[in-house]
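Order of listing sets the numbers, starting from 1, for every ligand and every atom in it.
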Amino acid sequence: MQPARFISFEGIDGSGKSTQARLLADRLSRDGHAVLLTREPGGSAGAEEIRNLLLTGDTGRWSAETEILLFTAARRDHLEKTIEPALAAGKMVITDRFADSTRVYQGATRGDLRATVDRLHQLMIGREPDLTVLIDMDPATALRRGLARRSGEDRFEDMGLGFQETLRHGFLALAHEARERVVVIDGNRSPDEVAAEVAAQVQARA
Ligand code: ADP
Ligand code: TYD
């Protein structure tokens, strides 16, 4: 098993990923690790500009195919400018979302585009996290939490509850497919309980 130096958090909107990514980064920093906490879409200046294009506006603003190109472009910039330099400098990298989000949001919700996602990933990204933490959550509760934030970046939340249910199934299927890399953690608990289980999983792969 790879030591977990590059860790991603995945899950549906409002599942608690950002909260857990931050709690893990704090914990690892307290333990003396150099940690970079980052997010997608974004995590570099160019990718943050692409983020704005993707997350605002009408639900039908982009087709799933165009989204694959934009998310992959953002990821390539994030990888080149932020993730790879941090790993090369010996830091642990924790990212709030990575390629599994594209596999599920673009690859498995509006037709079966998974093969297209995988081909572009292989061509332009070509790496996976050492460990992926999937926060599994009841979609209705997660959607309530997500929309309550009123972040102004709700293009995917605005696709509705049925969309979030499809996403949940997509993430669980992916976790099954990539069992050596993805751990599923029940997010329907207090933040501290979830964080303790996340930390145990990371420690098991130190
Ligand atoms: P995500 O990054 O998956 O969208 P967030 O971490 O931003 O999720 O959490 C969404 C909202 O739910 C936030 O307002 C956050 O404070 C709250 N939240 C996060 N984790 C929990 C939890 N375990 N129980 C209750 N509320 C939570
Ligand atoms: P995020 O800021 O993590 O939103 P949330 O806090 O609601 O989970 O991610 C932004 C949105 O972008 C989210 O709805 C998921 C979507 N997304 C994709 O559709 N494909 C991708 O490849 C990525 C990284 C995100």
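- When heavy-atom distances to ligand 1 are checked against 4.0 Å, the residues falling inside are Ile12, Gly14, Ser15, Gly16, Lys17, Ser18, Thr19, Arg145, Arg149, Arg189, Ser190, Pro191, ordered by chain and number.
- Counting the atoms of ligand 2 from 1 in the order shown, those under 4.0 Å from a heavy atom of Glu157 are 7 (O).
- No heavy atom of Gly146 sits closer than 4.0 Å to any atom of ligand 2.
- Among residue pairs with one or both ends in residues 135-146, those qualifying as salt bridge (charged side-chain N to carboxylate O under 4.0 Å, His left out) are Asp136-Arg168; sequence neighbours excluded.
- Closest to atom 11 (C) of ligand 2 among all protein heavy atoms lies Leu55 CD2, 3.5 Å.
- Considering backbone and side-chain N/O of Glu153, none are found under 3.5 Å from N/O of ligand 2.
- Salt-bridge annotation for Arg181 and Asp130: absent, with no side-chain N of the basic residue lying under 4.0 Å from a carboxylate O of the acidic one.
- In this structure, Arg97 fails the cation-pi test against Phe9, since its NZ or CZ atom is not both closer than 6.0 Å to the six-membered ring centre and inside 45 degrees of the ring normal.
- Counting non-hydrogen atoms of other residues, nucleotides and ligands closer than 6.0 Å to NE2 of His169 gives a total of 12 or fewer.
- Residue-ligand proximity, Arg75 to ligand 2, at heavy-atom distances under 4.0 Å covers atoms 22 (O), 24 (C).
- The heavy-atom pair separating Ser8 from Pro129 by the smallest distance is OG-CG, 3.4 Å.
- Between Ser18 and ligand 2, no pair of N/O atoms sits closer than 3.5 Å.
- Residue contacts with ligand 2, taken as heavy atom pairs separated by less than 4.0 Å, involve Lys17 solely via side-chain atoms from C-beta onward.
- Ranking the protein heavy atoms by distance from atom 4 (O) of ligand 2 puts Asp13 OD1, 3.8 Å first.
- By heavy-atom distance, the residue among Trp62, Phe71, Phe9, Phe163 lying nearest atom 18 (C) of ligand 2 is Phe71.
- The heavy atom nearest to atom 2 (O) of ligand 2, out of those in Arg51, Arg39, Glu40, is found in Arg51.
- Residue Thr102 approaches ligand 2 through these ligand atoms, each under 4.0 Å from one of its heavy atoms: 21 (C), 22 (O).
- Contact check on Asp26 versus Arg22 returns no salt bridge, with no Lys/Arg side-chain nitrogen under 4.0 Å from an Asp/Glu carboxylate oxygen.
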Would you please test Gln201 and Ile185 for side-chain contact (heavy atoms from CB on, under 4.5 Å) and show each step? CA-CA 10 Å; Gln201 289 288 347; Ile185 290 186; 4.1 Å; yes

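- Closest approach of Phe98 to Arg75, counting heavy atoms only: O-NH2, 3.3 Å.
- Tyr105 and Asp100 share no side-chain donor-acceptor pair at under 3.5 Å.
- The neighbour count for Glu84 CD, taken as heavy atoms of other residues, nucleotides or ligands under 6.0 Å away, is above 12.
- Environment of CZ in Arg119: sparse, with no more than 12 heavy atoms of neighbouring residues, nucleotides or ligands closer than 6.0 Å.
- Taking a cutoff of 4.0 Å between a charged side-chain nitrogen and a carboxylate oxygen, Arg110 and Glu67 qualify as a salt bridge.
- Protein heavy atom at the shortest distance from atom 3 (O) of ligand 2 is Arg97 NE, 2.8 Å.
- Atoms of ligand 2 found under 4.0 Å from any heavy atom of Gln106 (numbered from 1 in listed order, with element): 18 (C), 19 (O), 20 (N), 21 (C), 22 (O).
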